[in-house]
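The block underneath contains the structure these notes are about, expressed in C-alpha cells.
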Amino acid sequence: MAMDKTFDAATAEPRIYAEWEAQGCFAAGANKTHDETFTIVIPPPNVTGSLHMGHALNNTLQDILVRWHRMRGFDTLWQPGTDHAGIATQMVVERRLNAQGVKRTDMSREDFVAKVWEWKAESGGTIVNQLKRLGASCDWSRERFTMDEGLSDAVRKVFVELYDKGLIYKGKRLVNWDPHFETAISDLEVENIETPGHMWHFKYPLAGGETYEYVEKDADGAVILRETRDYISIATTRPETMLGDGAVAVHTDDERYAPIIGKLCEIPVGPKEHRRLIPIITDDYPDPDFGSGAVKITGAHDFNDYMVAKRNNIPLYALMDTKAAMRADGRPYAEDAAIAQAIANGERDFDEAMVAAMNLVPDEYRGLDRLEARARVIADITGEGLAVMVPDPDYDPEGDAPERIPLVESKPIMQPYGDRSKVVIEPMLTDQWFVDAETLAKPAREAVAKGDTAFVPKNWEKTYFNWLDNIEPWCISRQLWWGHQVPVWYDADENAYCAATEAEARALAGGKTLTQDPDVLDTWFSSALWPFSTLGWPEETPELARYYKTDVLVTGFDIIFFWVARMMMMGLHFKDEVPFYSVYINSIVVDGNGEKMSKSKGNVIDPLGLVDQYGADALRYTLASQEVQGRRQSRMSESAVEAARNFGTKLWNAARFAEFNGCERDPAFDPAKATETVNRWIIGETAKTLEATDAALTAYRFNDAAGGLYQHVYFLCDWYVEFSKPLLTGADGPAKDETKATVVWAIDQCLIMLSPIMPFITEELWRQTGGTGMLMHHDWPTYGSDTLADAGAEAEMRWTISLIEAIRSVRAEMNVPAGAKIDMLLTDFEYEAAQRLLRQGALIRRLARLSEAAVGNEAPAGSIVTAVEGATVNLPLADIIDVKAEGARLRKKLDKLSKETGGLEKKLSNPGFLAKAPAEEVEKQRARLDAATEEKAKLAAAVARLEAMG
RNA sequence: GGGCGCGUAGCUCAGUGGGAGAGCACCUCGUUGACAUCGAGGGGGUCGCAAGUUCAAUCCUUGCCGCGCCCA
C-alpha cells in the first residue's frame, strides 16, 4: 500500500481517535507492563463550557505526560470529568431563560434545577468532544461529574464530618455579597479593580455644641494650625454608609483628638430631630496621616470597620437589602434611631439579632439604590453646611459661584467586583456557612514544606505558603439553586441537624418535621475532593487504593488558591495523604500582543479553529514547544502553528522517502550491531535524542522535549537522509540492507518519541508504513547513548558535514552557479582528514556538488580557499575567480579570526586565569586558540598566493 | 505597601560563569526523484543601565530605569 502524498489531518484525526477509543487504548492500565502507577486527575472543565486556549495547553501537557508513561508501561490513569460550576452555570441558564422572557424567580427551585439539568444534557458533551479532538487520552469510561451521585455522596460525607468536628460552622459574618446574583461569594471570587472614585470630607458636630482646641503640628513638632472646633472631620468614599455608623475612631496615640475621646458626635444626616449620636473611640486601625485621621466605623459595610467594631463592641447596623438597595423593611426610622441612641448612650444592651432587625435608613432614603442614596446624602449634608469647605481654585469674583466649595478629592479607589457578575460587590452581614480553613491549612502547608508535594517551578510554593499563612475562614454557602444543597435541616425552632440524608437528620431530630437549608455549597467545595471522589471515595474501591495519591496535577497559577490548596487540605484530612506528588504550574496563553484573551477584548484565538486549519498535532506541538518552565505567559501565534504543521509534513516526507527506497522494518535489526559509519552515527544521535527527551519530560521541560525532537528530525532529514542515498541506490549487499533497516529504525524512533506530543500523524505514519498494533501502545525505548553512541563515527560525520558546509558557503558567497560541478583539493592535510575524505568522498562529492575530491601537496593557482579541521580546502576556479572579491572575502574571515585569537591569547596570558581556572578549561581554550591559529595560517597563505597571482 | 516575574536579532522568545541561539520576517541562489507546507547560503545583537563579586559576568549580588501579574 503506497503512502498518501500528504497527511490529511481533518479526516485522519477523528478516524484515528475513534480507533483508539474502540480498542480501549485509553483505559486505566492499558499497555501496562509493570505495577507502578501514573495518575493524573484532569482539572475538571465547566460542564457547559467550551474549549479555550488555556484548556488546550493544560490538557496537551497532561496528555503528553500520560501518553509517555503509558508507552513506558506504567499502570496509567488519566481521570476525566466535568464540574457543575454553580454560579457560572446558573448564570448561563438564567440568561437563556431571560431570552425566552422567563425569570428564574418566576419558577420553582425544582423546575429551575430541572432546566439546568436539561441544559447540561444538551451542552455537557461539548467540552468532552472538544478534548477528544485535541487527542486527549483520558479514560472516558471513568468520566465523572461533580454533581453525580457518587460525588454528591462524597460532598455530604465531608460536610457532615467537618460539621461534627466543628470545622464547619454557621455564623453571621461580613461576607462579599454579589447584588446581581444575590449570593455570598468567597474572597477569591472578588476582583479588586482600580476605579476612579471620590473622597468626601464631612463634619460630625460634637454633641451639645461642645468645642475643643484642635492643634496640628508638623514633623518637628511646630504648631502649624490651632483653632477651636465644634466638630470632628471625617473623610469617606462611601457617604451612604454613614447612616450605619456606630462610632468614630481615631488612633490611640493621636493627640489632636485626645480632648474628645469618649465624647459623642452627631452623624450629620437624617431627620434633624432624630440625629444619632455616636461615640468617639480609639483603636490602632485609623492612620493618623490619612485624611483627618478620624474614621467613621460602619461595621456592617466595610471589612476594616467590621474588625474595629468587633474589637470595641460597636453594633453592626445593616443598611442594604440583597440587591444592595437601601433597606425598606422594619420599623420606622424614628423608632430604631431611638434604640440606637440608647445603645450609644450605654443605656441599653444589644445582641446580634436585635441589631440585625433594626433599620437605620431614614424613611426618605428607603428603597433607593445605594448610589442614589449617596447623592442624596451628599446633597443634604452640603446643604446643611456640614461639608468641609475649601477655597475654589477656579473662583471668579465676577461670577455668581461661591468662593468656597465642598472638599471632594478625586482619587482612584480599589473597587471590588464579582468575577462572574462584574457588578460591584458589597460587604454584607449575613448568615453563612464557613470552613475553618486555618485548621485545615496547617497540614496542607506542612506537606509542601516537607516536600511531600512539590510545586514545579518551585517559586510557586512561596505564593502557596503566603496564602495559607494568611488564610481566612472559607465562606462555602451560596444563595443559589444549582449546586450541592447544604446537608443541614432545621426544625420549627431553628435547631439544626446535620446529616448525609434527610432521613438521618429526622432521626437525629427525633422524628420532627424538618426543612433543609436552602443554600448550596461553593463549587470549589466539591472540586476540593476531586482527586479521591473521582476514584470512588467514600467507597474503598480498588481504584482508590491503586491510583491515590496521584502523581502530578497540571494546572494554572490562577487556581492555586481556589483549588490546589483546598485539594491539599481535603486530601490530607480525609485520606491522610497529599493528593499529588507534584503540582506543575503551566503558563497562561495570551494573544500575540501579550494580552490576556477575553471575549470582551475580542482577541480570543479559538484552539479548534487552529485544529481545523492545521491539525491537532500542530496545535499540540506549538503549545508544548512554547511551554517554558517558569514562564508566566506563552503567546499563541498562528505562524508558530503553521511551522509546527510543516514539521509534521517534514516527518511525513521522510517516511515517504523510506518507502520509495524500499526500506522495510527488519525485526532482526539490532542498532548496536550496525557497522556502516553513517548508520552508527545516526543511531548514536538517536540515542542521545532519546536521553534528552526523557530528561526533559522527567523535569517537565516541555519546550526542551519538543525542541530537541524538532532539531533531531531536521538534522536527520538534512544529513542522514542525504547520506543514505548513495547507499540506498548503490549496489545490493549487506551495507545497503543495513542502511535500509537503519533508515526505517531511525524514522521509527522519531515517530515513537514524538507520539506523546503529536499522536495523530505519528500513528497514521505507523499505520501507513505497515507498523503492527497501535503506535500509542508501542514500548518506549530504553537504549542509551552509552551503548549506541560511537564517538569515532560522530567525529567523522561531523567533520564531513563541516566540510560540505564550508564548500557550500564558499560557493554561494562566490556566486559559483548552483548547478556547476567543481573540483576540490585538500592540502596541508593531516592523516585523519585524508582518511575521512577517502571514506566519505562519495557523500562529499554529492552534497557539495564536486566532480573531484582529492588530496594534494600544492594548491593550484587561482583557488578559492577555506579551511576545515586538519586541512586546507582548495577549490580551483581560476577561470571564474574574481581575485578582488576572493581577497576581500579572505580578509574578512581573517579579521574575524584575528579578533578571536587576540581574545584567546589575552586570556591565556592572564596569570590569574592560568592559576585559578580549571585545567580542563585552560586546555579547552588552548585548543581553541590552536585551531583558530591554524585556520588563520591557512587563510593567510591563501591571501599570499592570491597576491602573488594578482 | 508586600510578593512574583520579565527586559537577549526587526518580531516572538530559548539559553549559559569561559566560543551569543531558534522560529518567524528579510536578502541572494535554487525545482538535484522524500519534501516549495521545500532546499542551500547570508545579513542582523554594546544580551535594559550602573556598580560589585570573580582569573573570567549576558548569566551571580546590589541599586536604578522600564514593563507585567498577584495580594493588601
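In what follows, chains are A, B, ... by sequence order, proteins preceding strands, each numbered from 1. All values below come from the heavy atoms of this structure, side chains included, with hydrogens, waters and symmetry mates left out.
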How far does the [atom1] atom of [N] sit from the matching atom of [M], given to the nearest Å?
{"N": "G42(B)", "M": "G3(B)", "atom1": "P", "result": "49 Å"}
{"N": "G43(B)", "M": "A50(B)", "atom1": "C1'", "result": "32 Å"}
{"N": "C70(B)", "M": "A36(B)", "atom1": "P", "result": "47 Å"}
{"N": "G23(B)", "M": "G44(B)", "atom1": "C1'", "result": "16 Å"}
{"N": "G7(B)", "M": "U58(B)", "atom1": "C1'", "result": "12 Å"}
{"N": "A72(B)", "M": "C60(B)", "atom1": "P", "result": "31 Å"}
{"N": "A57(B)", "M": "U53(B)", "atom1": "C1'", "result": "10 Å"}
{"N": "A34(B)", "M": "A20(B)", "atom1": "C1'", "result": "34 Å"}

For [N], which nucleotide in any strand shown is its Watson-Crick or wobble partner with both distances under 3.5 Å?
{"N": "U53(B)", "answer": "none"}
{"N": "C64(B)", "answer": "G48(B)"}
{"N": "G33(B)", "answer": "none"}
{"N": "G1(B)", "answer": "C71(B)"}
{"N": "G21(B)", "answer": "C13(B)"}
{"N": "A40(B)", "answer": "U28(B)"}

Which is true for [X] with a 4.0 Å heavy-atom rule: it touches a base, it touches only sugar-phosphate, or it touches nothing?
{"X": "Ser809(A)", "value": "sugar-phosphate"}
{"X": "Asp704(A)", "value": "nothing"}
{"X": "Ala654(A)", "value": "base"}
{"X": "Glu461(A)", "value": "nothing"}
{"X": "Arg808(A)", "value": "sugar-phosphate"}
{"X": "Lys725(A)", "value": "base"}

Could you give the [atom1]-to-[atom2] distance, from [X] to [N], as a whole number of Å?
{"X": "Asn459(A)", "N": "C71(B)", "atom1": "CG", "atom2": "P", "value": "16 Å"}
{"X": "Trp719(A)", "N": "A34(B)", "atom1": "CH2", "atom2": "C1'", "value": "17 Å"}
{"X": "Asn910(A)", "N": "A56(B)", "atom1": "CG", "atom2": "C1'", "value": "8 Å"}
{"X": "Ile559(A)", "N": "C71(B)", "atom1": "CD1", "atom2": "P", "value": "14 Å"}
{"X": "Arg656(A)", "N": "C35(B)", "atom1": "CZ", "atom2": "P", "value": "6 Å"}
{"X": "Glu722(A)", "N": "C35(B)", "atom1": "CD", "atom2": "P", "value": "11 Å"}
{"X": "Arg846(A)", "N": "G33(B)", "atom1": "CZ", "atom2": "C1'", "value": "10 Å"}
{"X": "Phe647(A)", "N": "C35(B)", "atom1": "CZ", "atom2": "P", "value": "19 Å"}

Hey, is [X] close enough to [Y] for a salt bridge, meaning N to O under 4.0 Å?
{"X": "Arg238(A)", "Y": "Glu426(A)", "value": "yes"}
{"X": "Arg656(A)", "Y": "Glu659(A)", "value": "no"}
{"X": "Lys725(A)", "Y": "Glu722(A)", "value": "yes"}
{"X": "Lys458(A)", "Y": "Glu461(A)", "value": "yes"}
{"X": "Glu794(A)", "Y": "Lys688(A)", "value": "yes"}
{"X": "Glu438(A)", "Y": "Arg445(A)", "value": "no"}
{"X": "Lys936(A)", "Y": "Glu900(A)", "value": "no"}

Item to check | Check: Lys462(A) side chain, C4(B) base, donor-acceptor under 3.5 Å | outcome: no
Item to check | Under 3.5 Å donor-acceptor pair, Arg635(A) side-chain atoms to U12(B) base atoms | outcome: no
Item to check | Charged tip of Arg665(A) within 45° of Trp745(A) ring normal and under 6.0 Å | outcome: no
Checklist entry - Between Arg632(A) and Phe557(A), is NZ or CZ placed under 6.0 angstrom from the six-membered ring centre and within 45° of the ring axis? => result yes
Checklist entry - When you match Trp460(A) and Lys892(A) each to their closest nucleotide on RNA chain B, which lands nearer the 5' end? => result Trp460(A)
Item to check | Residue closer to the 5' end of RNA chain B, Gln629(A) versus Ala812(A) (nearest nucleotide) | outcome: Gln629(A)
Checklist entry - Along nucleotides 16-32 of chain B, 5' to 3', which nucleotides get a B, which get an S, and which get a -, given that the test is a protein heavy-atom distance under 4.0 Å? => result --BB------------B
Any [X] side-chain nitrogen or oxygen under 4.0 Å from OP1 or OP2 of [N]:
{"X": "Thr6(A)", "N": "U37(B)", "value": "no"}
{"X": "Lys5(A)", "N": "C35(B)", "value": "no"}
{"X": "Lys906(A)", "N": "A56(B)", "value": "no"}

Next on the checklist: Just to be sure I understand the geometry, which residues of residues 799-807 of chain A put a non-hydrogen atom under 4.0 Å away from RNA chain B?
Outcome noted: Glu805(A)
Checklist entry - For the side chain of Lys896(A), counting heavy atoms from C-beta on, which of C35(B), C4(B), G43(B) is nearest? => result G43(B)
Item to check | Shortest side-chain distance from Tyr714(A), nucleotide among A34(B), G39(B), G41(B) | outcome: G39(B)
Item to check | Aromatic ring proximity, centroids under 6.0 angstrom, Phe723(A) and Trp719(A) | outcome: yes
Next on the checklist: Just checking Tyr710(A) against Phe647(A), ring centres under 6.0 Å apart?
Outcome noted: yes
Item to check | Residue pairs, two or more places apart or on separate chains, that pass salt bridge (Lys or Arg N to Asp or Glu O under 4.0 Å) and touch residues 709-721 of chain A | outcome: none
Checklist entry - Parallel, tilted or perpendicular: which describes the rings of Trp563(A) and Trp524(A), with under 30° parallel and over 60° perpendicular? => result tilted
